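To start, the structure under review is shown below, and the notes come after it.
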Amino acid sequence: MKLGYVTINRGIGCTANSNFRLASYSEEKLKNTVKNNLDCLFKILKFNVKNDIFFFRISSNTVPFASHPICKFNWVDHFRGQFQEIGEFIKEHDIRISMHPDQFIVINSLKKAVVDKSIKDLIYHANVLDTMGLDNTAKIQIHVGGVYNNKKEAVDRFCRVYKTLDKSIKKRLVIENDERSYNIKDCLDINKILGIPIIFDTLHHQYNNNKESQREAILRAKETWKDQDGLLMIDYSSQEIGEKKGKHITSIDLNLFKKFLKDIIGIDLDIMLEIKDKEKSALKAVKLLKELAYI
DNA sequence: AGTTGTCAAGCTAGT
DNA sequence: ACTAGCTTGACAACT
């Protein structure tokens, strides 16, 4: 079992997800930003290893505008050395890596332009992981997409587009249950057709499910991960009390987390904390996992 | 120096 | 037909 957090380390004094406005785009600016992002990413990973955190989500913003038409710069070649150095560190310390393209990446959209842009962005994500030299266990997680008043056709479109994707994407792409449209059962139906692994999100499952228990859902999701995919990944969060539905909690509630650990007894998986105070909660969770001899 | 509005991009639900 | 919310940070323009 590994435990991790998302993209940002608030205490470390640098950011690995800096970007800038499209209007101020220049090759110089891009180079500076990417260099700083990668420097910071390396720092964060070193911090993590020191603190027994071996799972991390790399920002989609590592190379801003990488998939935008404005970017003609060959960032892969230019930053290959730096990517490889970080990749070596990741492999040396057996760090699990994920990436999560944001909500605009929709491969089952009705609009061809949206699908095309989404595929370009997936290529970018795969490029980052490939340039680091990471294997198939480094994953890119997306949601299935929109429903468009016809889930069957929307799923069909997802499958059709998926089949056309480059191998470098397919070997890494996993789908996540979302809080509105596609729950675990929907994802399992797609898995049956495509064999694509399913990443389980605890909070989304609370809001969108087919009455199956969390443990049952996690066990089903786990079956979709083959040896080459590595351990099942899950996103763990809980609801901020008194806030709007879906809003992630500020800092980890260790009692709830203990309950969760009870629920997954005997199931080995990697846990990504989606919690706002980032490494702070991760450190608390790691401490608990050590006390309970999980890690 | 601190505050506030805005940012490349999509979908859904509610008015 | 239109907009707020998702979830959220950080840039950039403004006090």
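All values reported here derive from a predicted model rather than from experimental measurement. As a basis for the values below, the full set of heavy atoms in this structure was taken, side chains included, without hydrogen atoms, waters or symmetry mates. Chain letters run A, B, ... following the sequence lines, proteins first, then strands; residues in each count from 1.
Annotation: disulfide bond (SG atoms under 2.5 Å apart) contacts involving residues 105-166 of chain A, sequence neighbours excluded, are absent. A disulfide bond (SG atoms under 2.5 Å apart) check over residues 36-139 of chain A, counting only residues at least two apart or in different chains, returns the pairs A:Cys14-A:Cys40.
Under the rule for a salt bridge (Lys or Arg N to Asp or Glu O under 4.0 Å), the partners of A:Lys290 that lie at least two apart in sequence or sit in another chain are A:Asp52.
Residue A:Ser18 is classed as a sugar-phosphate contact, given heavy-atom separations below 4.0 Å to backbone atoms only. Using a 4.0 Å heavy-atom distance criterion, A:Lys278 is classed as making no nucleic acid contact.
One atom, OH of A:Tyr207, and another, C1' of C:dC6, lie 13 Å apart when rounded to the nearest Å.
Surrounding CG of A:Asn74 are more than 12 heavy atoms belonging to other residues, nucleotides or ligands, all under 6.0 Å away. Counting non-hydrogen atoms of neighbouring residues, nucleotides and ligands closer than 6.0 angstrom, the CG atom of A:Asp77 exceeds 12 such neighbours. Annotation for A:Lys151: atom NZ counts as buried by contact number, over 12 foreign heavy atoms lying within 6.0 Å.
In the model, A:Glu179 has no side-chain atom that pairs as donor or acceptor with a side-chain atom of A:His205 under 3.5 Å.
The separation of C:dT8 from B:dG2, taken at their P atoms, amounts to 26 Å, rounded to a whole angstrom. For the P atom pair drawn from C:dT7 and B:dG5, the interatomic distance equals 23 Å after rounding to whole Å. Look at the P atom in both B:dA8 and C:dA13: the space between them is 12 Å, to the nearest Å. Rounded to whole Å, the C1' atom of C:dA4 lies 16 Å from the corresponding atom of B:dT6. Rounded to a whole angstrom, the distance from the C1' atom of C:dC11 to that of B:dG10 is 22 Å.
A centroid separation of less than 6.0 Å is found between the aromatic rings of A:His78 and A:Phe73. Residues A:Trp75 and A:Tyr124 place their aromatic rings such that the two centres sit under 6.0 Å apart.
The phosphate of C:dG9 (OP1 or OP2) has no side-chain N or O of A:Thr15 nearer than 4.0 angstrom. Residue A:Asn17 places no side-chain N or O under 4.0 Å from the OP1 or OP2 atom of C:dG9.
Proximity of residues 150-159 of chain A to DNA chain B (heavy atom under 4.0 angstrom from any strand atom) is not detected for any residue.
Using a 30° and 60° split on the angle between ring planes, A:Phe65 and A:Tyr25 fall in the perpendicular class, above 60°. Classification of the A:Tyr236-A:Phe260 ring pair by plane angle, with boundaries at 30° and 60°, yields tilted.
Looking at DNA chain C, the stems built from 3 or more consecutive Watson-Crick or G-U wobble pairs, each pair with its key distances under 3.5 Å, are B:1-7 with C:9-15, B:10-15 with C:1-6.
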Going 5' to 3' through nucleotides 8-15 of chain B and flagging B where a protein heavy-atom sits under 4.0 Å of the base, S where only the sugar-phosphate is that close, and - otherwise, we get BBBSSS--
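Of the listed nucleotides (C:dC11, C:dT8, C:dA12), C:dA12 has the atom at the smallest distance from the side chain of A:Ser24.
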